[in-house]
Amino acid sequence: MPPREAAVAAYVDRLPDGADISVKTLAKVLPYGQCALRTALNNLQRAGHLRRGSEHVIGSASARWVTRTFFSRTPRDDAWWAGFTRGDVPPEQQRPTRSRAFVLLAALGRAAPALSLSAADCAALEPYVTMWFARGATEVQLLHAPTDGLPVPVHHAAALVRSRLTAKMSPERVAPHTARTVLRVLECAKCGAPGQPEALPGGECGPCRGEQVPVPAGSRGIPAGEVRDRMAEVRAAMVSRSGRTRT
């Protein structure tokens, strides 16, 4: 892999799920311009590391389709990506990523610098935040719970966060377990047209790869002679209407 693509892939691989990897965002942290980054991402796509599409996400209040860029540390063929869109990829083959709880804990330091946590602290506190999410808490609620009304100074950030997460945790919510259906759609990287994985080898649709689009057997165009006849009728009608207007 070329050095530029390797650097971009290494950076993207370290990001948590849901992170913004648009070329504008990447250009702020990587030593490449937006055009170079766009080319690098396209090369990673052709190599099988990346696909663009959308995913059906169920949030706390509603379900919606979210634009996604899917990344794999290992280069994958089109058959693997087809299985990925169906949710058929075995768990051990999927890229390990930081959990939503870990990412939120790591972000506490941005909201309250006194609560900056180490990676070990985040890993130790991760189960507490996971329980909050399981009981219906939102990210906003979880950010406020440990950061509101902080004492000055904070002597032990991890101990304070653990104490507040434990004391303020809501009662357990009992809900019937339902299996989540994986809904993902891949899109052409050039024109954005959605399609089945089999129709997007390499992440691009047939027309963008220069292939002829087949005409359905039952469809037919208007014969050239009929087109000429219809145009003559239109011109005659326009001339007739123009003559009536002048008189």
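- For the atom pair Ser116 OG and Leu105 CG, the distance stands at 12.0 Å (nearest 0.5 Å).
- The distance between the ring centers of Trp132 and Tyr128 does not fall below 6.0 angstrom.
- Closest approach of Cys188 to Cys208, counting heavy atoms only: SG-SG, 3.7 Å.
- Contact annotation: the side chain of Ile21 never approaches that of Phe71 to less than 4.5 Å [non-hydrogen atoms, C-beta and beyond].
- For the residue pair Pro146 and Leu150, the shortest heavy atom distance occurs at O-CD2, 3.2 Å.
- One finds the NE2 atom of His49 at 11.0 Å from the CZ atom of Arg73 (value rounded to the nearest 0.5 Å).
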Would you sort out whether Trp81 and Leu200 count as a side chain to side chain contact (heavy atoms under 4.5 Å, CB included), showing the intermediate values? CA-CA 10 Å; Trp81 284 109; Leu200 298 170; over 6 Å; no

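- Using a 4.5 Å heavy-atom threshold, the side chains of Leu41 and Arg52 count as touching.
- One finds the CG atom of Leu143 at 4.5 Å from the CG atom of Leu104 (value rounded to the nearest 0.5 Å).
- In terms of heavy atoms, Glu5 sits closest to Thr39 at OE2-O, 4.4 Å.
- A side-chain donor-acceptor contact under 3.5 Å links Arg164 to the backbone of Asp148.
- Considering all non-hydrogen atoms of both residues, Gln141 and Gly136 come closest at OE1-O, 4.2 Å.
- At a threshold of 4.5 Å between side-chain heavy atoms, the hydrophobic network of Ile, Leu, Val, Met, Phe, Trp and Tyr places Leu115 and Val140 in two separate groups.
- Listed for the Asn42 side chain is a donor-acceptor partner under 3.5 Å among the backbone atoms of Arg38.
- Cys191 places none of its side-chain heavy atoms less than 4.5 Å from the side chain of Pro207.
- A pairwise comparison of heavy atoms in Ala27 and Gln34 identifies CB-CG, 3.9 Å as the closest pair.
- Counting heavy atoms from C-beta outward, Glu204 and Arg46 have side chains that approach closer than 4.5 Å.
- No continuous path of hydrophobic side-chain contacts links Leu117 to Val103 [ILVMFWY only; heavy atoms under 4.5 Å].
- Across every non-hydrogen atom of Leu26 and Tyr11, the tightest pair is CD2-CE2, 3.6 Å.
- The number of heavy atoms from other shown groups lying within 6.0 Å of CD (Gln196) does not exceed 12.
- The side-chain heavy atoms of Arg68 and Ser54, taken from C-beta on, include no pair separated by under 4.5 Å.
- In the hydrophobic clustering of this structure, Phe102 does not group with Leu165; members are Ile, Leu, Val, Met, Phe, Trp, Tyr whose side-chain heavy atoms approach within less than 4.5 Å, directly or through other members.
- In the hydrophobic clustering of ILVMFWY residues, with side-chain heavy atoms under 4.5 Å counting as a link, Leu37 and Leu50 come out together.
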Checking Val12 against Leu44 for the side chain to side chain contact (heavy atoms under 4.5 Å, CB included) test, could you report, in this order, the C-alpha distance in whole Å, the side-chain angles of both residues, the deciding distance, and whether it holds? CA-CA 11 Å; Val12 172; Leu44 289 173; 5.9 Å; no

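- Classification of the Phe84-Phe70 ring pair by plane angle, with boundaries at 30° and 60°, yields perpendicular.
- The backbone N or O of Ala82 sits less than 3.5 Å from a side-chain atom of Thr85, completing a donor-acceptor pair.
- Annotation: side chain of Pro197 is not in contact with side chain of Asp78 (no heavy-atom distance under 4.5 Å).
- Ion pairing between Asp121 and Arg162 fails under the 4.0 Å rule for side-chain N and carboxylate O.
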